[in-house]
Amino acid sequence: MPELPEVETTCNGIKKQTLGCFITKVYVKQFKLRYLIPQNINKLIKNAQIIDVKRKGKYGLIKLSNNLYILFHLGMSGNIQIKSNINTILKKHDHVAFFLDDKYIMIFNDPRKFGFIDILSKNDLISNKALNKLGPDPLLKDFNKEYLSKILSKKTINIKAAIMDQHIIAGLGNIYANEALFMSKISPLRSSNSLSLKEYKKLADSIKKVLSQAINLGGSSLKDYSASNGKLGYFQTKFFVYNKEHDICKLCNGYIKKILQSGRSTYYCNICQK
């Protein structure tokens, strides 16, 4: 957390609010996050214009007019807020502030410091190990039953672990993996190669549907996450299984169970999900 919908919502907000703005100054209060922020970040991007913002997996990319990119990852607790008042007093966990056109301030906040910010050239972007090893984006056309069948029919690991592997699917995390498996009525305990082609289709369709619904509702706000305009997401009000241990299943009379898989919490209905 944040996962694909939260990063997509963040990128859309940054693009809507800052496209065309010039970076007049970068102030770094804390250089040491998950990785060190470049010491010369202000020199590298000062006076550059923001010309595009897009998401790749769980990463955000802000394209600048000087052919550099701001790469960011929100980690487990990060968010980016855009304020209209450049005299805003930075809070405890506001680690980086980008001043835009002398009238906006874009703030990177991360209480747990698992996120990061880096500056990449176009060549760096191509060779970056975190980016070039990502699987297909689940919202694109090439993510479908044929792709899942081709990749997963050769694997014996449980299906939940497989779909959370960023080399297989870019951006899908624990919350939405739980919800997509419930929607497709597939047990998280099943081995990846046990699914039929019909089930691979149900899973691909469910992943797309769950992620699209979450994006439309601004993502899920469980602890620290909020969008760039400060608004909270509402998809958590639509959860069927995630964080619903002992609740009655909304589709049957069973109860939602919680187990651990690969160190992550898994929630499922053992009646609906086979």
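Nothing fancy with the numbering, it's 1 onward along the sequence. Atoms considered below: every heavy atom in the structure, side chains included; atoms not considered: hydrogens, waters and symmetry mates. The model shown is predicted, which means the values in this text are computed figures rather than measured ones.
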Could you tell me which residues satisfy side-chain hydrogen bond (donor to acceptor under 3.5 Å, both in side chains) with [X], sequence neighbours excluded, listed by chain and number?
X: Ser149; result: none
X: Lys244; result: none
X: Ser121; result: Asp124
X: Asp94; result: Asn109

- Please list all pairs passing the salt bridge (charged side-chain N to carboxylate O under 4.0 Å, His left out) test where one or both residues lie in residues 184-193, with sequence neighbours left out. Arg190-Glu199
With [X] via side-chain contact (heavy atoms from CB on, under 4.5 Å) - residues at least two apart:
X: Asp205; answer: Lys201
X: Tyr35; answer: Phe116
X: Lys209; answer: Met183, Gln213
X: Lys32; answer: Gln30, Leu36

- Query: Which residue pairs pass the side-chain hydrogen bond (donor to acceptor under 3.5 Å, both in side chains) test when at least one of the two sits in residues 150-168, sequence neighbours left out?
  - Reply: Lys160-Asn174, Lys160-Thr266, Asp165-His167
- Message: Who clusters with Leu232? Use side-chain heavy atoms, under 4.5 angstrom, across I, L, V, M, F, W and Y, and order the result by chain and number.
- Response: none
- Connected hydrophobic set around Leu189, excluding itself, where side chains approach under 4.5 Å: Ile259, Tyr268
